[in-house]
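Just so it is clear: chains get the letters A, B, ... in the order the sequence lines come, proteins before strands, and each one is counted from 1.
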Protein chains: 2
Amino acid sequence: MIENINEILKKNQLSVTDSRRKILEMFQHTSGALAHADIEKQSGTLFDRVTIYRTLQTFVEKGIIHTIPTIDNSVKYALCKDACQAGHHHDNHVHFMCDECGTTYCLNNISIPQVQLPEGFRSTQTDVVVSGICKNCND
Amino acid sequence: MIENINEILKKNQLSVTDSRRKILEMFQHTSGALAHADIEKQSGTLFDRVTIYRTLQTFVEKGIIHTIPTIDNSVKYALCKDACQAGHHHDNHVHFMCDECGTTYCLNNISIPQVQLPEGFRSTQTDVVVSGICKNCND
DNA sequence: ATGAGTTTGCAACTTTGTTGCAAAATAAAA
DNA sequence: TTTTATTTTGCAACAAAGTTGCAAACTCAT
């Protein structure tokens, strides 16, 4: 179910611009995660590289998207679900990265068991990165 | 307990060179993880930037060190324990990254509960990235 | 000690990300 | 609707991170 894009932008006190609408749309139309390069490729020469960087940065600050840790250390972003909309959130994510095709899937409906930390450590966020072969590449 | 550096290199069919010995030593002397920049800083002008890149790459290929996924998508490396020495390994890691000082801790003695994946997905490695405030910064 | 093979350092390059600033677009006010 | 204030964009220039080719230096086995 796709939320109204203009609503989301206004709710976050952001001016409604072409680039923001288009990029937000891309996230809503993908089940997985997007890298800066993916967005640049998909949008062609529509907007500047710098605009994409700044848009992603703004979205992260507003809590619309979040960055995903990856083993190959490429920077990927995914839409935040309602649960983590509050900007600075205490939240958990499970992501699956395919070793073969590189696609990143968000496995939001999987619960993470709490990790027991040593004395003196306080956790605000836990990310689980599962690597392997995805459904598509397995067939 | 520090394993003999020359032994490790020879076991992995690598020529014993200054840079490899020194860099491996750095990993053995730190409890956490190291970034390329850390190594460059610690070694001063001793060896070239490119050599460090290549050494790290070689170590990863041989399974001596592994990359760590981080939320800020900086590239960090840590020593592999005996458990994951077999090159292409099925292994789990828990790492803690301090939001304040950026230090990465390896929490190797914490067990990760198995994540239940959707049909068709096969996992080879699971990384848990816990973010928060570390012991040092908490005091 | 010598020679084959490996590794290093340099230089040049690519890719990725950042910053300042004028022009353009958006939002708010008249 | 027009005007004005504010925000955002694109350009250019830059900085940082990582890669590649190649000759010189080193390692290792004979």
Report summary line: With the side chain defined as heavy atoms from C-beta on, A:Thr17 is closest, among D:dT8, C:dT8, C:dT7, to D:dT8

Report summary line: From OH of B:Tyr53 across to C1' of D:dT20 the rounded distance in Å is 14 Å

Query - Closest non-hydrogen atom pair between A:Ile39 and A:Ser43, with its separation - result: O-OG, 2.8 Å

Query - A:Leu9 CG to D:dT7 P, straight-line distance once rounded to whole Å - result: 16 Å

Query raised in the report: Between A:Met97 and A:Ile71, what is the shortest heavy-atom contact and its length?
Result: SD-N, 4.4 Å

Requested in this report: To the nearest Å, give me how far apart CG (A:Asp48) and P (C:dT16) are.
Outcome: 15 Å

Query raised in the report: Through what angle, rounded to 10 degrees, does the axis of the helix from C:dA1-D:dT30 to C:dA30-D:dT1 turn between its ends, using five pairs per end?
Result: 30°

Requested in this report: Remember a base hit wins even if backbone is also touched, and classify A:Leu46 as base, sugar-phosphate or nothing at under 4.0 Å, heavy atoms.
Outcome: sugar-phosphate

Requested in this report: Grab the OH-P distance between B:Tyr77 and D:dA17 for me, whole Å please.
Outcome: 13 Å

**Report entry** Approximate separation, where rounding is to 0.5 Å, of B:Leu46 CG and B:Asp18 CG
**Finding:** 7.0 Å

Query raised in the report: Could you state the CD1-P distance from A:Ile52 to C:dG17, rounded to the nearest angstrom?
Result: 11 Å

Query raised in the report: Do you know the tightest heavy-atom contact between A:Gly120 and B:Asn138?
Result: O-ND2, 2.8 Å

Query raised in the report: When we call it a touch if two heavy atoms are under 4.0 Å apart, what does B:Arg20 touch: a base, just sugar-phosphate, or nothing?
Result: sugar-phosphate

Requested in this report: Report the residue (A:Arg49 or A:Thr58) whose heavy-atom-nearest nucleotide on DNA chain D is the more 5′ of the two.
Outcome: A:Thr58

Requested in this report: Check the distance between C:dT19's P and A:Gln57's CD and give it to me in whole angstrom.
Outcome: 8 Å

Query raised in the report: So, is A:Ser19 near the phosphate of D:dT9, with a side-chain N or O under 4.0 Å from OP1 or OP2?
Result: yes

Query raised in the report: How close or far is atom C1' of D:dT7 from atom CD of A:Gln13, stated in whole angstroms?
Result: 13 Å

Requested in this report: Would you kindly say whether B:Lys76 and B:Thr70 are connected by a side-chain donor-acceptor distance under 3.5 Å?
Outcome: no

Query raised in the report: Do A:Met26 and A:Val60 share a hydrophobic cluster, counting only Ile, Leu, Val, Met, Phe, Trp and Tyr and linking them when any side-chain heavy atoms are less than 4.5 Å apart?
Result: yes

Query - Length of the line joining B:Arg54:CZ and C:dT8:C1', which is rounded to integer Å - result: 7 Å

Query - B:Ser15, nearest nucleotide to its side chain (from D:dT8, D:dG10, D:dC28) - result: D:dC28

Report summary line: Heavy atoms of B:Phe121 and A:Lys135 approach each other most closely as CE1-CB, 3.7 Å

Query raised in the report: Relative to the 5' end of DNA chain C, which residue comes earlier, A:Val16 or A:Val50, by the nucleotide with the nearest heavy atom?
Result: A:Val50

